Number of protein chains: 2
Amino acid sequence: MAVRTERLQDVDAPSRPMRADALRNHQKILAAAEEIFALDGVAVPIDIVAERAGVGVGTLYRHFPTKESLYEAIVTTRIAGLLGQADEFIDDSASDPGAALAAFLREFARQASEKQDLFEALEQTGVDIKSRFSERIEELVEKIDVLRRRAAHAGAIRRDVETSDIMNLISGTCHAAGHSGVDEAGFQRLVGIVLSGLQPAK
Amino acid sequence: MAVRTERLQDVDAPSRPMRADALRNHQKILAAAEEIFALDGVAVPIDIVAERAGVGVGTLYRHFPTKESLYEAIVTTRIAGLLGQADEFIDDSASDPGAALAAFLREFARQASEKQDLFEALEQTGVDIKSRFSERIEELVEKIDVLRRRAAHAGAIRRDVETSDIMNLISGTCHAAGHSGVDEAGFQRLVGIVLSGLQPAK
DNA sequence: ATATTTCCGGAACCTAGGTTCCGTTTAGTA
DNA sequence: TACTAAACGGAACCTAGGTTCCGGAAATAT
């Protein structure tokens with residue numbers, strides 16, 4: 001779940017602590033959005049989210065001025081989680097680079113496949129710069145790039161693939177898998193194919 | 001281009017041949033839609049298509065009772081083209097099965113990547129059955145399945161991949177490539193990765 | 001307990017895009 | 001050329017979904 005609660009009023013505005021009910025609603029909204037966006041994607045009407053949170057739309061808009069801002073809050077949290085996991089793989093210098101990359105990508109794909117919102121965000125990588133979490137995605141790309149370079153250096157994957165290729169393959173696969181309703185097993189098979197495609201030609 | 005012109009009135013309705021201007025408009029609409037859908041995808045407002053065709057919306061709706069019906073007409077034509085090409089690869093018993101599959105998939109992917117509408121249609125494979133061209137896609141899957149089986153039998157690709165896997169990988173890749181604006185070269189690289197991922201483990 | 005201030009809820013508003021309607025135009029025909 | 005039926009065009013309509021507004025509740029401060 002991992003929800004941000006602190007600092008809900010603007011910086012340097014020591015006015016007053018947020019009212020108790022307001023805080024409660026804020027979290028209810030985040031929780032509801034997390035659940036519903038994951039299941040149905042961002043296309044879900046905002047009213048549904050409000051209803052699920054047991055709150056009026058007006059209240060929802062008081063906390064998040066825009067549907068996109070709510071979406072952004074959720075996705076940013078999700079990506080933050082991935083960033084943490086990426087770091088673990090990067091720091092674990094024990095395992096071999098090829099395995100580290102593969103393991104991370106599998107995890108990455110697994111999450112993207114079960115959180116509609118996440119992959120909907122990913123598949124926009126490089127499109128409209130307007131979305132504010134694009135810099136989070138940049139960070140993610142950086143980290144994957146580290147793993148990719150190491151794997152390439154170790155000869156575990158081709159040298160001519162770029163990190164953006166990897167992103168495209170994974171997010172594309174997630175997309176297709178999501179839309180045609182394959183099960184977890186089938187999904188991992190797809191990722192497996194992509195991973196073996198990344199290996200150097202024999 | 002390849003546009004259907006015949007039989008625009010219902011079957012067994014020998015009433016009268018279509019008026020000349022009507023026929024002309026019909027084709028202008030199809031041509032405009034083909035161009036615009038390919039470029040901008042199905043999401044483009046219907047008014048734009050009408051404008052591009054130099055026709056009022058009313059006229060457009062006289063020829064195609066629904067936006068979806070227009071879309072369907074375009075996509076059906078596109079898929080028909082692919083079916084033809086698939087047959088060529090199937091009939092050409094000279095070339096080796098692995099190469100035939102790869103060549104067809106490359107061509108398939110190339111077309112999907114340059115026709116937004118096509119891949120938007122493909123990525124719905126298996127979702128809503130309502131779209132009437134779903135049976136065309138079935139046909140396509142059948143043909144790809146022939147190529148796949150032969151390639152598998154010849155040992156050119158793994159035996160554990162299903163045709164739906166291939167469809168998912170290709171259409172997913174098209175999707176991602178389309179959304180992140182890679183060039184033709186980058187795109188073929190992605191397809192290449194997928195293709196080599198399909199090969200048996202060394 | 002009362003005043004003050006924040007917050008709540010949901011009706012109302014606005015926009016975009018698909019679809020329909022109908023007065024006008026034009027092709028086909030005698 | 002005049003008549004009729006088919007086709008045209010685009011204003012108007014309808015719906016869905018995001019966003020705003022404001023009178024009424026509810027917390028917190030005094």
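Quantities reported herein were computed from a predicted structural model and do not represent experimental measurements. Order of the sequence lines fixes the chain letters, A, B, ..., with proteins taken first and strands second; residue numbering starts at 1 for each chain.
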Got a salt bridge between Asp160(B) and Arg189(A), using NZ or NE/NH1/NH2 to carboxylate O under 4.0 Å?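 Salt bridge flag = no for Arg189(A) with Asp160(B).
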Determine: side-chain N/O of [X] to OP1/OP2 of [N], distance under 4.0 Å, yes or no.
| X | N | result |
| --- | --- | --- |
| His63(B) | dA7(D) | no |
| Thr59(A) | dC7(C) | no |
| Asn25(B) | dC8(D) | yes |

Nearest nucleotide by nearest heavy atom, which residue falls closer to the 5' end of DNA chain C, Val42(B) or Ala20(B)? Val42(B)
Please report the C-alpha distance between Arg24(A) and Asp21(A) in whole Å, then the side-chain angles of each, then the deciding distance to 0.1 Å, and finally whether the salt bridge (charged side-chain N to carboxylate O under 4.0 Å, His left out) criterion is met. CA-CA 5 Å; Arg24(A) 216 178 312 131; Asp21(A) 57 347; 5.6 Å; no
With DNA chain D as reference, determine whether Gly56(B) or Arg19(B) sits nearer its 5' end, using the nearest nucleotide of each.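 Whichever sits nearer the 5' end wins; that is Arg19(B).
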So which protein nitrogen or oxygen atoms get under 3.5 Å of nucleotides 19-22 of chain D's nitrogens or oxygens?
{"residue": "dT19(D)", "atom": "OP2", "partner": "Tyr61(A)", "partner atom": "OH", "Å": "2.9"}
{"residue": "dT19(D)", "atom": "OP2", "partner": "Lys67(A)", "partner atom": "N", "Å": "2.9"}

Side chains of [X] and [Y]: does their closest heavy-atom pair fall under 4.5 Å?
| X | Y | answer |
| --- | --- | --- |
| Ile166(A) | Leu169(A) | no |
| Arg110(A) | Gln188(A) | yes |
| Arg78(B) | Glu34(B) | yes |
| Leu101(A) | Arg150(A) | no |

Quickly work out the [X] [atom1] to [N] [atom2] distance and round it to whole Å.
| X | N | atom1 | atom2 | result |
| --- | --- | --- | --- | --- |
| Tyr71(A) | dG17(D) | OH | P | 18 Å |
| Glu51(A) | dG17(D) | CD | P | 13 Å |
| Leu23(B) | dT26(C) | CG | C1' | 16 Å |
| Asp21(A) | dT28(D) | CG | C1' | 10 Å |
| Leu60(A) | dG17(D) | CG | C1' | 13 Å |
| Arg24(B) | dT26(C) | CZ | P | 12 Å |
| Gln27(A) | dC7(C) | CD | C1' | 16 Å |

Please determine whether the number of non-hydrogen atoms from other residues, nucleotides or ligands lying under 6.0 Å from atom CD of Glu107(B) exceeds 12.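 Enclosed: over 12 neighbouring heavy atoms sit under 6.0 Å from CD of Glu107(B).
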